[in-house]
Asker: 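Handing you a structure now.
Convention: sequence-line order gives letters A, B, ...; per-chain numbering from 1.
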Amino acid sequence: MLLYLIRRGASLFIVLFGLAILIFVIARIVPGDPARIALGPLATAEQVTDLRAEMGLDEPFFIQLGTYLSGLAQGDLGKSLLTSRPVMDDILGALPATFELVVFTLVIQIVISIPLGILAAVYRNTWVDNVIRVVSLVGIVTPGFVLAILLQLSAAMYFGFFPITGRIDPSIMFDADITGLLLVDGLIKGRPDVVGDALRHLFLPAIALAAGGIGQVVRITRSAMIEVASRDFIEASRAYGIPERVVRFRYMLRVAAVAPLTILGLEFASLIGNAFIVEFVFSWPGIASYGVRTILQKDLNAVIGVVLVSGVFFVVANLTIDIILGLLDPRHRLREGKSK
Amino acid sequence: MTNRPILEIENLSIGFRAYGQYRRVLRDVSITVGEGERVSLIGQSGSGKTVTMRTIIGTLPMPPGVVETGSIRYDGRSLLELSKIERNKLKGTGISIVLQDPMLSFNPVLTIGRQMDDIVRYADSRLGQNRSAAQRRDHIVQTLAKVQLSEGARILDSYPIMLSGGMRQRVLIGMALLNRPRLLIADEPGTALDVTTQDEILALLNTLVAEEGLSLLLITHNLGVVREMADRVYVMDKGRIVEEGTRDAIFTAPQNAYTKRLMAAVPPLYGPDVVTIENHHTDPNPAISIDSVSKDFVGRSGLFHQHRTLHRAVDKVSIDVMPGDIFGLAGESGSGKTTLAKMTLGLIDPTEGTIRVEGQDISQIAGTADFRKMIQIVYQNPGSSLNPRRTITDQIAVPLKFTGHETSRIKTRVGELLEMVDLPADMANMYPHELSGGQKQRVAIARALSVNPRILVLDEPTSALDVLVQSTVIDLLHRLREEFDLTYLFISHDLSLMRNFCNRVGVMLRGQIVEEGPVAEVFGKPSHAYTRALLSAIPVTTDEADAMKPIVTKEERAAVLNPSTAIGG
Amino acid sequence: MSAPEMIDAQRVLTSRQMAIYRFTRNPAALVGAVIVVSVVIAAIFAPLLAPSPESAGSFVDFRNRHAAPSWEHWMGTDNVGRDVFSRVLYGFRVSLGLVVGVLGVAVPFGVILGLVAGYFGGWTETIIMRFTDIMLALPPLAMALAITAVLSPNLVNAMIAITLLWWTWHTRLIYRIVKAQMNEDYVEAAQVAGASHFHILFRELLPNCISAIAVKISLDAGFVILFGASLSFLGLGIQPPTPDLGTMVATGAEYMPEMWWQAVMPGLAILYAILGFNLLGDGLRDMLDVEL
């Protein structure tokens, strides 16, 4: 298991390194002068030259890449043109909000979709299955922004219990200075009012963000359960007198869980992507909001930083899932431990 | 039958509803198993024997399955009428099963110990017993000892993939016996294993039946296995029982036409019916000359793949295959026979040594059209060697296209080839799934022969086929050899078939040829202990042949085989 | 063991017959097919079908602005009096154009890379698949936003940005299928027969990927529409006055909830198209019995 962890950790590092280079290269090969783009068409040539020098754009490409990578290694992403602060500080400030939203969404997705998938498989081809199928289809096909607007609208009109913007009521005085996560810090500092209000704020954005993934995971869980049900060892377990509930929930689910978990990992990238929409609609003060603002301002350093941090998010999430799979399934562990 | 019946199936008819159609798969099936009796149900694939088994143990999905008529009684109680709870009580404790594939029969993500403990624990709770975890563990270790696995504790902590095939099969039998069932149903036990391991498993089952007072219902397609394992036999064909009787009656005087055909199709290992093939060629230049050829595969391990381990798959093998020979290369899985064949085709390069085909070093000519016109291959499983998405014509045409045949000629040539392998011309535009297994293998043979090669490598060409189909394909291969003056390099683990099909054989063990010579000699007076162990393990269909099998001592066996009772291997 | 043994059949169904049987017994798939056809027709014949073709452009009719849905304007009118229904029809045109543009490039590119990586193995495989893994780690929407922003937002650039990110999924899918197919003997049989790499890649392996590609394309079409609409919604995709469904939702949202139709109707139109492609894709998946 330790060997497995080390190996996964090493591959994480390689992917992150590649990711950093890739983003930098894309940012540089995109046509147009970043300095000119940032300053807009009205800037003078002199201003552009100054900014180029300040951003290091007049250096040869590989020097730029080297400077960028060594800065990155020290946690330096350059300065934001929009806020005039180090990009890293901006991102670190916005990160907890996004982290809280995304993790909460993931929890909602897992808690809702895996049981629904199991139900659909157990009651396959009955009305239960059909209802679940329609619900997950609606989740998949509803565009995130349409759902977000509809939720916001109906909350505003019919159930005012759920706030439609922000992370916490501005009237609550609270400083989340331990982890930055309102739920966690609220619990640590013993502030049930903070936790409650944060949950109320989280609810609508998280639902809007969760819907698409829920549909996918329900489907995958259902088909994985059905596939596992037809395997020989399930027939053998039944023939040896293992009770049906144990066969279904302990034997089948554990084998079937691999597929939905893998999908959750892959869907994580689009989850972060969709966070851009949801944060935008709900004015959620996270990195996606920051990202949209900086993108609109063509603030290149900040954009690179946001995309990079999102990528790191994705890679770490997938590493976590890999480790869970390794714990669940000895074959996964052994396969990765051995070479071809 | 003198014993009290433990299982009585009467007039069972079962159908399936699928794709809007209804098919009946069992018709009026009646089978009785007496207490302590060993009964075999024999049939080819698709005969309905698996449906019968699943109906008895209650795992046949209904729907789509429908019981039309009939009853199944276990110990006097009608299984199809029992309540679910009552029926579940019998599972594992009354009737238990051993499924065909030992790998697929385990939950891959739980340890063996966990799976076995669950079986004992839930049986206890159903039967109102109460044993502690330690007591249950003792019971499991004792049960493993019954299946001759002494390292019980280590096995319990292992995951299924960590065990060898033979061990898994033993553990599986142990699992079935955990709750002391009275009737054991075994579906093709040992079929997925090497013949020497299969032999051990069959012997184990026989011992268990005698010692534990079990009744055994064995489901198999192998007549040799039946002869060793059954007191009484039922023969099933197309969902009907076509013949039943004592073992001796069925084997000495079969009545039904289907049974007779089945018996006749099994190639005999010894006895008067054995066919000995001869090679009348006098050409002194070998068709294939393999000269001290070795092949190493490199494995890498460690954190950064820094440890190199060499695995020698083929070890200094030298063989001359003469023109007109049918040279049989025998060996169990992992013996290196397929690696040797692939080197002969130039698909992988030997680490040491040279291979010459018709006098030319293949390291010089591999990949050329001339080489492809010398030697071609027929694979084991036509389901895999034919592309499911291309028509028969398209596939047969590939070798033609790449040896410079004109497009206009290809179509006529495909027609000729189909005729040559006795396939109707209208199959040319069909896809493989529209053909039966035997027909597909004929297509594969036609493809191999399309460019008129003089040598064919046959990699277990009939092992995926039923025995009745196998004999027709073998006849075809004999005929083609005569007609086109072909030389065959035949790879197989089936020594009975080899005895009747080849004129010379080489026996491979762990990468080395341990014995080589004319078939009559190798089979008649085997000199190497491994050859004797292999031959003596083969289930045969007559007492006569059984008596003629070579004798192998326990020490000899232990010296050449990896017993399936040890971890690893 | 898994499939019931079928014998004694009056007539054995071929796999094609079984596939057609499965499709016709699947009402959802049929509904999907009908929806997709209707969207395609709407897109192709928008100029003929639209009650007010001039609404597609920067037409202004202030007397009629904010009109609720009626017989005259099925989906009402927008903030400058344009007929929303006509704009939705033209919006389909833009959306399908985007789908064709993106998938027309991304699918062949992704498929070829997947075939090559799976078939050749070794360093080729390592490089292609590592690169694909890294590309997959980029959050697609964020990346597309960044690219269009820098390139200046319009239809073509949105297409380029989405295409750059989309091929990876096809590479992964095809790579997985090819890896599994490489265990089959027919690939080696073709090699023994002397077939060229080109023949094996495109005549032997590709036909075995076609079903999966068809299903994937159908499902993808819906998601490309969604993706494009999301970009426009944030103001970084297709720019006005080109009638784009995402832009229409964004503009219409300002007049919510009183003049709901301006945002809800285009929103439902997007949902309708995605639903159609999804149902069709699912139906094809059941019919062709492929796993994605």
Asker: Just give me the residue among C/Gln191, C/Gln181, C/Glu184 that pairs up with chain B most often, heavy atom to heavy atom, under 4.5 Å.
Answerer: C/Glu184
Asker: Given a strict heavy-atom distance threshold of 4.5 Å, which part of C/Ser211 is in contact with chain B: side chain, backbone, both, or neither?
Answerer: side chain
Asker: Tell me the closest heavy-atom pair linking B/Arg390 and C/His199, and the distance in Å.
Answerer: NH2-CE1, 3.7 Å
Asker: Looking at C/Arg172, I want to see if its CZ is surrounded by more than 12 non-hydrogen atoms of other residues, nucleotides or ligands under 6.0 Å.
Answerer: no
Asker: Say whether, by atom type as modelled, one donor and one acceptor occur between the side chain of B/Ser384 and the main chain of C/Asp185 under 3.5 angstrom.
Answerer: yes
Asker: Near B/Arg413 CZ, under 6.0 Å, is it more than 12 heavy atoms from other residues, nucleotides or ligands?
Answerer: yes
Asker: For a quick test of reading the model, state the closest non-hydrogen atom pair linking C/Ala189 to B/Ser385 and the distance between them.
Answerer: CB-O, 4.1 Å
Asker: Start with the C-alpha gap between C/Glu204 and B/Arg389, add the side-chain angles, then the distance that decides, and say whether side chain to side chain contact (heavy atoms under 4.5 Å, CB included) holds.
Answerer: CA-CA 8 Å; C/Glu204 303 282 346; B/Arg389 297 280 166 173; over 6 Å; no
Asker: Could you check whether C/Glu188 and B/Tyr379, counting side-chain N and O atoms only, form a donor-acceptor pair closer than 3.5 Å?
Answerer: yes
Asker: Please give me the minimum heavy-atom distance between B/Pro388 and C/Tyr186, naming the atom from each residue.
Answerer: CD-CE2, 4.0 Å
Asker: Of the backbone (N, CA, C, O) and the side chain (C-beta and beyond), which part of B/Leu347 lies under 4.5 Å from a heavy atom of chain C, both, or neither?
Answerer: side chain
Asker: Examine the side chains of B/Asn387 and C/Asn208 and answer whether a donor and an acceptor come within less than 3.5 Å of each other.
Answerer: yes
